[in-house]
Protein chains: 2
Amino acid sequence: MLETITRMKTADALDNAPETTRKGDAEKRGRKASKEVRQLQLIEATIDSLAKRGYAETTMADVADGAGLSRGIVNFHFESKEKLLIATLQHMYDEYSAHWRTALQKAGDDPARQLQYLVWADFDRSICNKRKLAAWLAFWGEAKSRPTYQALSSSRDNYYQQVFIDLCATLKGRGSYAYDPQVMALALSAMLEGLWLRLMMGTEDTTRETALQAANEFLSVAFPKHYPLKGAATTKS
Amino acid sequence: MLETITRMKTADALDNAPETTRKGDAEKRGRKASKEVRQLQLIEATIDSLAKRGYAETTMADVADGAGLSRGIVNFHFESKEKLLIATLQHMYDEYSAHWRTALQKAGDDPARQLQYLVWADFDRSICNKRKLAAWLAFWGEAKSRPTYQALSSSRDNYYQQVFIDLCATLKGRGSYAYDPQVMALALSAMLEGLWLRLMMGTEDTTRETALQAANEFLSVAFPKHYPLKGAATTKS
DNA sequence: CATAATTTGTTGAACATTCATTCAATATGG
DNA sequence: CCATATTGAATGAATGTTCAACAAATTATG
């Protein structure tokens, strides 16, 4: 049952993206393709463009070309460029949310296990790959100056943060730690985001593997009575 | 001697920027103004624009207007928009570098003190304010897709990271800790960047004060024999 | 069932706008 | 006067949006 979460190869840093899968979806090109499929296809092309060219250089033409469709098509399915970008951001947000919620469910009842699963989820390949990280960063760069993006651009929302706080509080009770749960949760989630940031920027010394090591190191020093988790390898399952 | 570093008011989250000081510099407007002064003036206006409008919406006209000068002026002092942006990034990079190096010097010989000073430096008002953080984020968002930015856009470079690793190694020797210095240094610096990120994005629960608390909490759990530092308050000096 | 009518999806050229860049004219300071 | 700095209008390229024409799918009709 742990496949989706623990399936992390120690191999290389960040895979370049599941290019193949996306090509597969787009194969239904010819004429038909339900409205939803076509919209998804355009959203994927938008993520591609954001990742490859950055926010400022992402154009409607590039998105259309990337999807193998004509110029005017984007304005037909999404009303404007802005709405396309919002839809793309929403898509990524939903995917991220669903992913960590699933991970949390799979962890069972043990809080230490839940926290470990959340950390693992953050570095899962399906979420944490060059393409999507680059797209996230592109949005983050514009979020402060665009009110419309702000709510969605955190990916980790208030509820997510609250889960971390609750877990820190519970562990504190069970391990008689001294920290303030809210403060510790902030440190922890900030570190996770910071590791993402390094992966996004392609910092040399940071790979998905070393990032996960660092995160686990944090868990070990913050909650020494609970980590390393029994029967859980650091990098691979 | 600690003024620059420890001068942090507990008061409010992030000040909106030292707007006044910059206005003062720009006062030498009329006609004259040495080449360097004018370039600095334009760079500051660029930071303003990046912070207010984001990278994608920053235009030459906006920069010129912000500096109170005419349209063509930027192409005279900097050859192109791209070169203006690179100069701006370089300026911010140099400022950040100089700042943490100074902090390190002021800390003296004790490694625990040095690390604490580096952390404090990161949240010093002169470096860590809304305006500059927003500008950093704007650059980060474009860095991956622009080779020219990559070297400068980290702000925290390889050398900075090495300092962290060395400090972690030294503290390990003196405190008989169990961690791997490289991994711990990554966790620590990632958390600092992650806290910056939260400040940049304006996440509600994160202020410069709570960020500093979280960072200090990290130091305490990672190096329990060294922190909290004797005689150093968490938030204010 | 075949064919017409209609709705829906798609195209690509035309249009309008924004913006970086250029440059001739002008002002300034030495 | 000369070198340098500054202006602001003109230019041209890039790009988001619109839309009339076209094609495919769906529905209506005999």
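By convention in this document, chain letters (A, B, ...) are assigned in the order of the sequence lines, proteins followed by strands, and residues within each chain are numbered from 1.
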I'd like to know if the side chain of B:Ser189 reaches the main chain of B:Ala185, judged simply by a donor and an acceptor atom lying under 3.5 Å from each other, with no hydrogens or angles considered. yes
Between C:dT11, C:dT22, D:dG16, which nucleotide has the shortest distance from any of its atoms to the side chain of A:Leu69? C:dT11
For DNA chain C, the residues among residues 80-90 of chain A that have a non-hydrogen atom under 4.0 Å from it: none
For residues A:Leu84 and A:Leu42, report the shortest heavy-atom separation together with the two atoms involved. CD1-O, 4.5 Å
Ignoring the backbone of B:Met60, work out which of C:dA20, D:dT18, C:dT10 is nearest its side chain. C:dA20
To the nearest angstrom, the CD-P distance between A:Glu79 and D:dT17 comes to 9 Å
Under 30°, 30 to 60°, or over 60°: which ring-plane class applies to A:Trp196 and A:Trp140, parallel, tilted or perpendicular? parallel
Verify the contact: side-chain N or O of A:Arg38 to OP1 or OP2 of C:dT10, cut-off strictly under 4.0 Å; return yes or no. yes
B:Phe78 atom CZ is separated from C:dT22 atom C1', nearest whole Å, by 19 Å
Calculate the interatomic distance between B:Asp65 atom CG and C:dC19 atom C1'; express it in whole Å. 13 Å
Rounding to an integer number of Å, can you tell me how far B:Ile73 CD1 sits from C:dT26 C1'? 13 Å
Quick check for you: among C:dT22, D:dT6, C:dG9, whose closest atom lies nearest to any side-chain atom of B:Asn75? C:dT22
Within a reach of under 6.0 Å around CD of A:Gln39, are more than 12 heavy atoms found that belong to other residues, nucleotides or ligands? yes
Given 3.5 Å as the limit, does a donor-acceptor pair link the side chain of B:Asn216 with the main chain of B:Leu212, or not? yes
How long is the line joining CD of A:Gln39 and P of C:dT8, in whole Å? 15 Å
Is it the case that the side chain of A:Glu142 and the backbone of B:Gly54 share a donor-acceptor pair, with hydrogens and angles ignored and the cut-off at 3.5 Å? no
Rounded to whole Å, CG of A:Leu42 lies from P of D:dG16 at a distance of 14 Å
In sequence, state the C-alpha distance, the side-chain angles, and the governing distance for B:Glu204 and A:Asn158, and then conclude on side chain to side chain donor-acceptor pair (under 3.5 Å). CA-CA 9 Å; B:Glu204 274 188 23; A:Asn158 285 339; 5.2 Å; no
A:Trp136 six-ring centre to A:Arg131 NZ/CZ under 6.0 Å and within 45° of normal: no
If the helix axis at each end comes from five base pairs, how far does the helix from C:dC1-D:dG30 to C:dG30-D:dC1 deviate from straight, to 10°? 10°
Report the nucleotide, chosen from C:dC19, C:dT10, D:dT6, that has the shortest atom-to-atom distance to any side-chain atom of A:Ser70. C:dT10
Side chain of B:Phe76: nearest nucleotide among D:dA5, D:dG8, C:dG12? D:dA5
Could you list all the side-chain hydrogen bond (donor to acceptor under 3.5 Å, both in side chains) pairs where at least one residue sits in residues 63-74 of chain A, not counting sequence neighbours? A:Asp65-A:Arg71
Within the structure, does a side-chain N or O atom of A:Lys35 lie under 4.0 Å from either OP1 or OP2 of C:dT8? no
Picking from C:dG12, D:dT15, C:dT11, which would you name as closest to the side chain of A:Thr59? D:dT15
